[in-house]
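Below is one structure, written out as structure tokens; comments come after it.
Heavy atoms only: backbone and side chains are in, while hydrogens, waters and symmetry mates are out. Within every chain, numbering begins at 1; the chains are lettered A, B, ... in the order of the sequence lines, protein sequences first and strands thereafter.
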There are 2 protein chains.
Amino acid sequence: MKMSEGVEWALHCCLTLVWLGDETAVPTSTLAAAFDIPSHYLNKFLQALVRADILVSTAGAKGGFRLARKPEKITLLDVVTAIEGSDGAFRCAEIRRRGAGAAAKPGEFALPCGIAIAMGRAEAAWRRELAAQTILDLVKAAPPAGAERMRCWYAPRAR
Amino acid sequence: MKMSEGVEWALHCCLTLVWLGDETAVPTSTLAAAFDIPSHYLNKFLQALVRADILVSTAGAKGGFRLARKPEKITLLDVVTAIEGSDGAFRCAEIRRRGAGAAAKPGEFALPCGIAIAMGRAEAAWRRELAAQTILDLVKAAPPAGAERMRCWYAPRAR
DNA sequence: GCGATGCTACTCGGATAAAAACTGTCCGAGTGGCATCGG
DNA sequence: CCGATGCCACTCGGACAGTTTTTATCCGAGTAGCATCGC
């Protein structure tokens, strides 16, 4: 059960896009350089964010990405779901119905598997916590020095 | 981010061991037949449960597995951790320190990454929910018919 | 008859391949800006 | 001098390999019970 590192990348990119402002679109190569990660691979995740309506992309010269919504309207759950998909980590395969359970009376399995319910309850708590936090919260919590340094580093690149 | 199916198998096996009672040790082959899953592979996960002190194993003829503790003393978190490991799904790679962040002032990264904190908060909620439920809770929630059928199926095999 | 002993069948346990998912890389389609050309 | 036009550089987007994690399988070490043999 390992989460893709793309989640961390995506969140950092959203944070960076807030810091750099909404004036200019930031291309993949710039974001990749900011964190020293492979740009072509990062692009893959940024595309996923576009499909989830978290970012908008503009093609051509001076193109790039910018936030599709205000930072307070993007929850961490939105980003995680965009990268990891909407399926939960635990997936009930209904093994109770196989083997010795194959001869069950009809209707016995009408109510869902208790194990699936228990695991689902835990994942619901996880999602609730993620949905309660937004990109704006991350911006507020981050030290201003990082934002300032990022802007200074970016300034000469903004054309 | 997919959880191993071994978690579902392990939980169902714990439930089954409660149903079949603590009198006899149940071998891997029997548990595998109960759910029609590959026995050699299931054995791998049962070993993990033994290492986590959730099951105890006895070798030789009439050997097998039984619960190491009472059902109310085994939480779902214990089982999930035994199979999946104790590491969380999200792992902060500290990418903020690389690339443009490489020239940071010393001490700027003294406090941990806000993204890691936010993700950790969600995982903590997930763990809390898992730790609040025990195998005994699953037994109580499961329909008695399943337990009864499992016992009838097992009876001729118990030597 | 009773006990010790050797054997057999059965179990767990870890080491070993196949499959899937994730990670990383590449090139093509499309777009905006700019220089050039004509009026 | 002003506007339209063609070209070029830059960007996103999806298709293509490499590598790690997960899934599946196998055989060896060890133990409990039973039959046999000796006393």
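- Contact annotation: A:Arg66 side-chain N/O to D:dT11 OP1/OP2 distance is not under 4.0 Å.
- Centroid-to-centroid, the aromatic rings of A:Trp9 and A:Tyr41 come within less than 6.0 Å.
- One atom, CG of B:Leu49, and another, C1' of C:dC12, lie 14 Å apart when rounded to the nearest Å.
- Note on residues 114-126 of chain A: pairs passing side-chain hydrogen bond (donor to acceptor under 3.5 Å, both in side chains), not counting sequence neighbours, are A:Arg121-B:Gln133.
- Remark on DNA chain D: of its neighbouring residues A:Phe65 and B:Ala59, the 5'-side contact belongs to A:Phe65, judged by nearest-heavy-atom nucleotide.
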Full working for side-chain contact (heavy atoms from CB on, under 4.5 Å) between B:Thr16 and B:Val26: CA-CA 10 Å; B:Thr16 302; B:Val26 184; over 6 Å; no
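- Remark: A:Thr28 is not in phosphate contact with D:dT11, judged by side-chain N or O atoms under 4.0 Å from OP1 or OP2.
- Note on B:Thr58: every side-chain N or O is 4.0 Å or more away from OP1 and OP2 of D:dT31.
- Side chain of B:Lys62, nearest nucleotide from C:dG32, D:dG33, C:dG13: D:dG33.
- Look at B:Glu5 and A:Arg91 and you find no salt bridge, because none of the NZ, NE, NH1 or NH2 atoms lies under 4.0 Å from a carboxylate O.
- Separating the CD1 atom of B:Ile83 from the P atom of D:dT21 is a distance of 18 Å, rounded to the nearest angstrom.
- The distance between atom CD of A:Glu8 and atom C1' of C:dC22, rounded to the nearest whole Å, is 16 Å.
- Contact annotation: B:Ser57 side-chain N/O to C:dT11 OP1/OP2 distance is not under 4.0 Å.
- Between B:Asp78 and B:Arg69 there is a salt bridge, since a side-chain N of the basic residue sits under 4.0 Å from a carboxylate O of the acidic one.
- Residue A:Ser29 is out of contact with every strand shown, counting any heavy-atom pair closer than 4.0 Å.
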Worked verdict on A:Leu31 versus A:Thr28 for side-chain contact (heavy atoms from CB on, under 4.5 Å): CA-CA 5 Å; A:Leu31 288 170; A:Thr28 305; 5.7 Å; no
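- Nearest to the side-chain atoms of A:Pro27 among the listed nucleotides D:dT11, C:dC12, C:dG14 stands D:dT11.
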Pairs: protein N or O with nucleotides 22-26 of chain D N or O, under 3.5 Å:
residue	atom	partner	partner atom	Å
D:dT22	OP1	A:Met1	N	3.3
D:dT23	OP2	B:Ser4	OG	2.8
D:dT23	O5'	B:Tyr41	OH	3.3
D:dA24	OP2	B:Glu5	OE2	2.9

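- Residue A:Gln47 places none of its side-chain N or O atoms closer than 4.0 Å to OP1 or OP2 of D:dC12.
- With sequence neighbours excluded, no residue forms a salt bridge (charged side-chain N to carboxylate O under 4.0 Å, His left out) with B:Arg98.
- Nucleotides of DNA chain C nearest to A:Ala61 and B:Val50 differ in position, and the one nearer the 5' end is that of B:Val50.
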